[in-house]
Enquirer: 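Can you read through this structure? Questions will come right after.
Nothing here was measured: the structure is a model prediction, and the numbers come from that model. All chains are named by letter (A, B, ...) in the order of the sequence lines, taking the proteins before the strands, and each is independently numbered beginning at 1.
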Number of protein chains: 2
Amino acid sequence: MARATATPSPGILPPDEHADLEDFVGYNLKRAYVIVDADFRRALGEDGLAPRVFSALSLIVHTPGITQSDLARRLGIERSGLVAIADELEARGFVMRKPVPGDRRVQALMPSAAGKAAYLEALETVRAHEASLLASLSSDEVETLVALLKKIRRIGE
Amino acid sequence: MARATATPSPGILPPDEHADLEDFVGYNLKRAYVIVDADFRRALGEDGLAPRVFSALSLIVHTPGITQSDLARRLGIERSGLVAIADELEARGFVMRKPVPGDRRVQALMPSAAGKAAYLEALETVRAHEASLLASLSSDEVETLVALLKKIRRIGE
DNA sequence: GATTGATTGTTTCAACGGTTAACAATATAG
DNA sequence: CTATATTGTTAACCGTTGAAACAATCAATC
């Protein structure tokens with residue numbers, strides 16, 4: 001732990017090195033994210049749903065008829081970025097773009113039966129893999145971790 | 001919050017919806033990471049150090065003479081990806097590639113005085129911004145968050 | 001009812017971060 | 001000496017994201 005005292009270079013390094021890279025939330029967040037993200041992709045396989053596609057499908061299944069703009073807002077991305085996601089979901093036959101009577105601009109995203117089934121299956125797979133990956137954490141730890149992450153999320157409006 | 005009961009579609013949705021998207025560690029990790037990452041870049045400005053460059057510089061300052069391969073391992077990326085980072089650091093005059101007597105393959109990464117100064121300044125900036133961003137979390141909460149994230153990091157070897 | 005201003009979905013373009021695969025130079029083990 | 005491994009590097013590629021523009025459509029205001 002003590003390394004500043006042995007530094008041969010001029011004393012530019014401050015005595016209070018309390019805020020190392022290892023102590024930054026951002027750095028640890030990134031490193032942890034990379035690990036969990038990789039596990040997710042491993043879980044859903046080579047040509048399975050990517051994380052963002054899974055997230056979109058989840059919201060569509062839970063909120064049938066949601067608009068692309070609304071979905072983008074909910075996911076925190078631009079609506080231009082959501083087009084490719086909706087395209088993929090539609091190409092897989094999991095989601096349909098249905099015109100809305102009142103407003104001819106929007107197209108409601110409706111999950112198909114196959115979409116719902118695929119979602120539930122992926123859900124179970126992801127859940128199992130995440131639980132297995134995080135086996136070294138107690139359920140209490142996971143709970144507080146999620147709570148703290150949600151607290152950070154709440155900062156971004 | 002009760003939405004399954006009002007779903008007009010056939011009862012494919014299971015009664016135990018405990019594992020929603022919002023409860024996944026991966027999803028919350030990603031969302032929180034995006035927020036903190038954006039704050040980091042905002043803090044260091046348009047043409048400031050990118051997170052990964054800052055991380056690399058930090059390790060070089062704390063471990064003068066570190067090898068590119070070692071640095072890549074420490075950062076959890078491929079050594080091919082580190083070339084661009086080292087290039088940028090060298091172009092900014094923050095780091096020098098110094099040949100090592102014993103082994104003519106490796107080049108030790110040495111921080112310049114400007115590099116050390118730039119690091120310390122960036123360090124302070126990032127620290128202040130992160131503290132301000134996470135003001136809604138107590139120092140205890142930040143501490144446990146970092147501890148939990150490190151626990152996840154430890155999973156990836 | 002015509003005009004102004006927003007909103008929606010979309011395309012195109014660029015940037016970034018990262019990986020893989022190859023390569024020459026060099027080092028190490030058998 | 002010969003095989004094997006490692007280092008730094010380049011080149012090509014992929015996934016994610018944002019920015020900017022656009023036509024179609026809606027809402028509000030005169």
Enquirer: Taking the six-membered ring for Trp, are B:Tyr33 and A:Tyr33 parallel (under 30°), tilted (30 to 60°) or perpendicular (over 60°)?
Expert: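 Geometry flag for A:Tyr33 against B:Tyr33: parallel rings.
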Enquirer: Taking it one step at a time, do B:Arg52 and B:Asp37 satisfy salt bridge (charged side-chain N to carboxylate O under 4.0 Å, His left out)?
Expert: CA-CA 11 Å; B:Arg52 60 183 198 155; B:Asp37 181 73; over 6 Å; no
Enquirer: For B:Phe24 together with A:Phe40, are the ring centres under 6.0 Å from each other?
Expert: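 So the answer is no for these two rings.
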Enquirer: Under 4.0 Å from any heavy atom of chain B: name the first and the last nucleotide of DNA chain C that qualifies, 5' to 3'.
Expert: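 So the contact region on DNA chain C extends C:dG17 to C:dA27.
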Enquirer: Give the minimum heavy-atom separation between A:Gly93 and A:Ala114, together with the two atoms involved.
Expert: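 Heavy atoms of A:Gly93 and A:Ala114 come nearest at O-CB, 4.1 Å.
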Enquirer: What are the two closest non-hydrogen atoms of A:Gly26 and B:Glu130, and how far apart are they?
Expert: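 Answer, listing the atom of A:Gly26 first, then B:Glu130: N-OE1, 3.1 Å.
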Enquirer: Is there a donor-acceptor pair under 3.5 Å between the side chain of B:Thr67 and the backbone N or O of B:Asp70?
Expert: no
Enquirer: Assuming nearest nucleotide by heavy-atom distance, tell me which of B:Asp70 and B:Lys30 is located more 5' along DNA chain D.
Expert: B:Asp70
Enquirer: Which pair of heavy atoms, one from A:Ser58 and one from A:Tyr119, lies closest together, and at what distance?
Expert: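 Looks like OG-OH, 3.1 Å.
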Enquirer: Look at atom NZ of A:Lys98 and say whether more than 12 heavy atoms of other residues, nucleotides or ligands are closer to it than 6.0 Å.
Expert: no
Enquirer: What does the inter-axis angle of the helix from C:dG1-D:dC30 to C:dG30-D:dC1 come out as, five pairs per end, nearest 10 degrees?
Expert: 20°
Enquirer: Measure from the side-chain N and O atoms of A:Thr125 to the backbone N and O of A:Glu121, and report whether any donor-acceptor pair falls under 3.5 Å.
Expert: yes
Enquirer: Between B:Arg127 and A:Asp20, is a salt bridge (charged side-chain N to carboxylate O under 4.0 Å, His left out) present by the stated rule, with each step listed?
Expert: CA-CA 9 Å; B:Arg127 207 156 71 83; A:Asp20 204 348; over 6 Å; no
Enquirer: What range of DNA chain D does chain B touch, first nucleotide to last, counting atoms under 4.0 Å from its heavy atoms?
Expert: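 Extent of the interface on DNA chain D: D:dT6 to D:dT17.
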Enquirer: If you take any heavy atom closer than 4.0 Å to DNA chain D, which residues from residues 73-89 of chain B end up in contact?
Expert: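 Residues of residues 73-89 of chain B that come under 4.0 Å of DNA chain D are, in numerical order, B:Arg73, B:Arg79, B:Ser80, B:Val83.
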Enquirer: Which residues in residues 35-53 of chain A have at least one heavy atom lying under 4.0 Å from any atom of DNA chain D?
Expert: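 The stretch gives A:Arg41, A:Ala50, A:Arg52 as the residues lying under 4.0 Å from the strand, ordered by number.
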Enquirer: Under 3.5 Å, is there a donor-acceptor pair between the side chain of A:Ser55 and the main chain of A:Pro51?
Expert: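 Yes, A:Ser55 side chain to A:Pro51 backbone: donor-acceptor pair under 3.5 Å.
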Enquirer: Taking all non-hydrogen atoms of both residues into account, name the closest pair between A:Ala108 and A:Gly65 and its distance.
Expert: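 Closest approach of A:Ala108 to A:Gly65: CB-O, 3.5 Å.
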Enquirer: Check whether any side-chain heavy atom of B:Asn28 lies under 4.5 Å from a side-chain heavy atom of A:Leu148, and answer yes or no.
Expert: no
Enquirer: I'd like to know if the side chain of B:Gln68 and the backbone of B:Leu82 have a donor-acceptor N/O pair within less than 3.5 Å.
Expert: no
Enquirer: Tell me whether the count of non-hydrogen atoms from other residues, nucleotides or ligands lying under 6.0 Å of CD in A:Glu22 goes above 12.
Expert: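 Atom CD in A:Glu22 is crowded, with more than 12 foreign heavy atoms closer than 6.0 Å.
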Enquirer: When you measure from the side chain of B:Thr63 to the backbone N and O of B:Ile60, does any donor-acceptor pair fall under 3.5 Å?
Expert: no
Enquirer: Within residues 97-111 of chain B, which residues have any heavy atom lying less than 4.0 Å from an atom of DNA chain C?
Expert: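 Output list: B:Gly102, B:Asp103, B:Arg104, B:Arg105.
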Enquirer: Shortest non-hydrogen contact from A:Ser136 to A:Glu141?
Expert: O-OE1, 4.1 Å
